[in-house]
Amino acid sequence: KETRDQLIIDAGQKHFGATMCKSCGMIYAASNPEDELQHVQHHHRFVEGIKYTGWKKERVVAEFWDGKIVLVLPRDPSYAIRKVEDVQELVNNELGFQQVVPKYPNKTKTLLFISDEKKVVGCLIAEPIKQAFRVVSEPTGPETPSSKECQRAWQCSDVPEPAVCGISRIWVFRLKRRKRIARRLVDTFRNCFMLGYFLRTDEIAFSDPTPDGKLFATKYCNT
Ligand code: ACO
Ligand code: ZN
């Protein structure tokens with residue numbers, strides 16, 4: 001019995017150290033076969049990119065010189081929903097979320113940014129909400145000791161404010177970042193959320209932002 005306990009403890013320790021793959025960005029435990037397999041799959045998909053060959057009935061809501069934005073709604077054909085789920089899985093792997101059972105609640109709206117190489121390079125997932133809590137900027141100035149742990153420790157006001165829409169996920173393919181793809185996704189989303197109305201920035205809320213997400217949201221909402 002004792003040997004067995006020991007084995008379990010060993011395994012636990014091996015799982016402890018997480019590695020981040022420098023090329024695909026996935027965080028995983030290299031010593032865990034299941035994680036490793038998941039990484040290989042993610043890595044492959046990352047290198048290949050998520051292809052988008054075009055749909056017969058696609059809702060193009062914006063067009064740019066380097067791509068276009070397509071809107072996917074809950075009652076769309078299953079090939080469209082499956083594409084969104086593929087993207088979600090890639091994003092979850094990259095952000096280190098647990099695999100979740102794919103589901104597509106009936107009020108979710110998704111925007112996909114399709115590059116001119118016919119790949120999905122950006123994604124915005126939004127849901128209507130009633131209220132949000134404003135993120136209060138850290139009380140200390142820019143000279144704060146900025147350890148990695150501090151990055152996630154911001155405060156939220158405890159006064160709910162009305163909001164119309166929550167952006168539950170925004171993601172841009174690693175190699176396409178800082179080309180204003182996220183900005184164009186949010187702009188387009190504000191424009192097509194409600195017919196004939198352009199959502200104000202204080203009517204949208206970013207839910208549980210990552211450090212990247214927070215930097216983007218702060219910049220976006222101030223300009
Ligand atoms: N660091 C500093 N400033 C940033 C960053 C960053 N990492 N990302 C964006 N900004 C600011 C910049 O000021 C930028 O303008 P500039 O390039 O002219 O200086 C401005 O925001 C607009 O940036 P975009 O080019 O539109 O943003 P991008 O297309 O690169 O996408 C995103 C930003 C979506 C956060 C991307 O970095 C990403 O996918 N990260 C990983 C996934 C993630 O963490 N998503 C957020 C999760 S939180 C949530 O979903 C609610
Ligand atoms: Zn990898």
Side-chain angles (χ1 to χ4, degrees), residues 18-50 62 64-69 84 87-98 100 108-115 119-129 132-135 137 142 146 148 150-154 156 163-191 193 199 201 203-223:
T19 324
M20 189 181 99
C21 173
K22 283 207 179 72
S23 43
C24 76
M26 182 168 168
I27 299 158
Y28 67 103
S31 56
N32 177 341
E34 238 173 83
D35 258 33
E36 225 169 341
L37 179 66
Q38 209 179 310
H39 169 238
V40 169
Q41 287 168 341
H42 174 76
H43 195 97
H44 182 252
R45 189 180 259 176
F46 178 87
V47 172
E48 292 279 294
I50 293 185
F64 304 98
W65 62 274
D66 57 346
K68 63 181 174 189
I69 296 178
V84 171
V87 178
Q88 261 180 312
E89 195 185 312
L90 187 84
V91 178
N92 284 347
N93 280 337
E94 193 181 312
L95 295 182
F97 286 121
Q98 289 301 316
V100 280
T108 309
K109 288 183 180 177
T110 304
L111 293 180
L112 298 177
F113 194 107
I114 314 294
S115 72
K119 302 246 167 105
V120 181
V121 295
C123 168
L124 179 155
I125 301 174
E127 275 139 346
I129 52 166
F133 298 88
R134 189 168 296 279
V135 173
S137 42
S146 59
K148 274 271 183 314
C150 280
Q151 285 191 301
R152 261 178 187 273
W154 58 84
C156 270
V164 177
C165 188
I167 294 179
S168 62
R169 203 74 93 225
I170 183 153
W171 165 88
V172 171
F173 187 65
R174 190 167 284 263
L175 308 175
K176 297 280 183 181
R177 287 185 193 159
R178 304 304 285 268
K179 295 180 192 300
R180 315 215 141 207
I181 290 178
R183 180 180 285 276
R184 285 180 278 170
L185 279 166
V186 182
D187 281 345
T188 305
F189 174 73
R190 287 166 66 194
N191 193 32
F193 183 74
L199 282 178
T201 50
E203 290 172 313
I204 53 176
F206 291 85
S207 62
D208 190 23
T210 57
D212 267 352
K214 203 192 169 200
L215 285 166
F216 166 74
T218 311
K219 177 76 182 180
Y220 182 88
C221 292
N222 289 333
T223 47

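Everything numeric in this text was worked out from a predicted model, so none of it was measured. As the structure lists them, so they are numbered: ligands from 1, and atoms in each ligand from 1.
In this structure, Asp35 contributes its side chain and Tyr28 its backbone to no donor-acceptor pair below 3.5 Å. When atom types are taken as modelled, the side chain of Lys119 and the backbone of Glu48 share a donor-acceptor pair closer than 3.5 angstrom.
At least one side-chain heavy atom of Leu90 sits less than 4.5 Å from a side-chain heavy atom of Ile50. Leu199 places a side-chain heavy atom less than 4.5 Å from the side chain of Cys165.
Remark: Glu94 engages Arg177 in a salt bridge, criterion side-chain N to carboxylate O under 4.0 Å.
Residue-level contacts of ligand 1 at the 4.0 Å heavy-atom threshold are Leu95, Ile167, Ser168, Arg169, Ile170, Trp171, Val172, Arg177, Arg178, Lys179, Arg180, Ile181, Ala182, Arg183, Ser207, Pro209, Thr210, Asp212, Gly213, Leu215, Phe216, Lys219.
Judged by the 6.0 Å and 45° rule, Arg184 forms a cation-pi pair with Phe64.
Pairing each heavy atom of Gly122 with each of Ile181, the nearest pair is CA-CG2, 4.4 Å.
Relative orientation of the His43 and His39 rings is perpendicular, given thresholds of 30° and 60° on the angle between their planes.
Taking the six-membered ring for Trp, Phe173 and Phe113 have ring centres at least 6.0 Å apart.
The tally of protein N/O/S atoms under 2.8 Å from the Zn ion (ligand 2) stands at 4.
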